[in-house]
Amino acid sequence: MHPYDDAGVIAGQGTVGLEIVRQAQTRGIEPDTLLTPASGGGLTAGIAIALHATFPLADVLTVEPAGFDDHARSLEAGERVVNEKLSGSICDALLSSSPGHRTFSINRDELTGGLSVSDAEALAAVAYAAREIKVVLEPGGAVALAAALSNKIDLRGRCVVLVLSGGNIDPALLAEALAL
């Protein structure tokens, strides 16, 4: 089974989107914008399909590490593009070479665009999450929060959903983030 470019994986990841929809409906809110970390695109595709089934006008954007923004560049080009390198970011969970074939065919139609954040911005988001919301995140799981905190997109007056995922962070890296 492919880790992201598989229909079953995309459907499984879509349960995150279903949970977002359920929580939004329970609270009587309608999301305007959703930011989600992206690697190969399975999580993004699953979430976007589930979210758009109920909230078709919501903007869904990927967030990736700077220099590894293959989704943003692929969406802009209208075709899959490849990252020049496969390492060199602390957001190691998000370093796929390019969007998957299946995931890009979905995301090309479902997404509004893509954003990227620096390693420093991701690390600052890790620290913010630990201090302010008491959640431990790995850098790749903190990129959506990093994009919001660093104003990569104007979110004023919008109902925004941030997907925060993954707590697999080296204790020394977490200590480094908290020392900022």
Side-chain angles (χ1 to χ4, degrees), residues 1-65 69 71-72 74-75 91 93-94 96 99-100 102-117 121-122 124-169:
M1 178 179 287
H2 197 277
Y4 55 82
D5 210 22
D6 178 87
V9 169
I10 294 166
Q13 300 287 4
T15 62
V16 174
L18 294 175
E19 180 64 17
I20 291 166
V21 167
R22 186 188 67 73
Q23 288 187 25
Q25 290 176 324
T26 298
R27 289 169 175 75
I29 59 175
E30 185 167 335
D32 298 310
T33 304
L34 181 136
L35 305 179
T36 183
S39 178
L43 176 65
T44 303
I47 289 172
I49 290 168
L51 184 72
H52 285 152
T54 304
F55 302 113
L57 300 179
D59 292 328
V60 178
L61 294 97
T62 59
V63 185
E64 300 167 287
D69 57 343
H71 275 83
S74 294
L75 291 168
C91 301
L94 303 181
S96 65
R102 181 172 279 152
T103 59
F104 185 67
S105 69
I106 295 167
N107 290 335
R108 178 180 47 222
D109 296 333
E110 296 286 338
L111 303 183
T112 305
L115 307 169
S116 65
V117 298
E121 290 165 334
V126 167
Y128 181 91
R131 287 189 186 114
E132 301 298 327
I133 57 177
K134 310 303 184 220
V135 172
V136 174
L137 294 172
E138 63 190 64
V143 295
L145 178 59
L149 292 173
S150 57
N151 299 311
K152 297 292 179 173
I153 183 173
D154 186 4
L155 299 173
R156 289 175 294 177
R158 299 186 66 80
C159 180
V160 180
V161 175
L162 304 175
V163 177
L164 309 179
S165 63
N168 186 21
I169 186 171

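Values reported hereafter were calculated over all heavy atoms of this structure, with side chains retained and with hydrogens, waters and symmetry mates removed.
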Q: Check whether any side-chain N or O of Thr103 sits under 3.5 Å from a backbone N or O of Pro99 as a donor-acceptor pair, and report yes or no.
A: no
Q: To the nearest 0.5 Å, how far apart are CD1 in Ile20 and CZ in Arg22?
A: 11.5 Å
Q: Taking all non-hydrogen atoms of both residues into account, name the closest pair between Gly140 and Val143 and its distance.
A: O-CG2, 3.3 Å
Q: Looking at every non-hydrogen atom in both residues, tell me the closest pair between Thr62 and Ala72 and how far apart they are.
A: OG1-N, 4.4 Å
Q: Testing Arg156, Lys152, Arg158 one by one against Asp154 for a side chain to side chain donor-acceptor pair (under 3.5 Å), which residue passes?
A: Arg156
Q: Roughly how far, to the nearest 0.5 Å, is the CD atom of Glu110 from the CZ atom of Arg108?
A: 11.5 Å
Q: Please find the pair of heavy atoms, one from Ala50 and one from Leu18, that lie closest to each other, and give the distance.
A: CB-N, 3.7 Å
Q: From Leu94 CG over to Ser165 OG, what is the distance, rounded to the nearest 0.5 angstrom?
A: 7.5 Å
Q: Any sub-3.5 Å donor-acceptor pair from Gln13's side-chain atoms to Ala45's backbone N or O?
A: no
Q: Contact between Arg102 and His2 at the side-chain level, heavy atoms closer than 4.5 Å - yes or no?
A: no
Q: Work out which heavy atom in Leu155 is nearest to a heavy atom in Ala148; give both atom names and the distance.
A: CD1-CB, 3.9 Å
Q: Locate the shortest heavy-atom distance separating Pro37 from Leu43; write the atom from each residue and the value.
A: O-CD2, 4.2 Å
Q: What are the two closest non-hydrogen atoms of Gly157 and Asp32, and how far apart are they?
A: O-OD2, 4.3 Å
Q: Could you check if a side-chain atom of Ile153 sits within less than 4.5 angstrom of a side-chain atom of Asp59, using non-hydrogen atoms only?
A: no
Q: Check whether any side-chain N or O of Ser96 sits under 3.5 Å from a backbone N or O of Ser39 as a donor-acceptor pair, and report yes or no.
A: yes
Q: Taking Val9's backbone N and O only, do any of them form a donor-acceptor pair with Asp6's side chain (distance below 3.5 Å, no angle check)?
A: yes
Q: May I ask you to decide if His71's main-chain N or O and Glu64's side chain share a donor-acceptor pair within less than 3.5 Å?
A: yes
Q: Leu34 pairs by side-chain contact (heavy atoms from CB on, under 4.5 Å) with which of Ile47, Thr44, Leu111, Leu162?
A: Ile47
Q: Who are the side-chain contact (heavy atoms from CB on, under 4.5 Å) partners of Ala142, not counting sequence neighbours?
A: Ala125, Val126, Leu137
Q: Any chance you could measure Thr112, atom OG1, to Leu57, atom CG, to the nearest 0.5 Å?
A: 10.0 Å
Q: Taking side-chain contact (heavy atoms from CB on, under 4.5 Å) as the test, write out the residues that go with Phe55, two or more places apart.
A: Val21, Ala24, Gln25, Glu30, Pro31, Leu51, Ala58
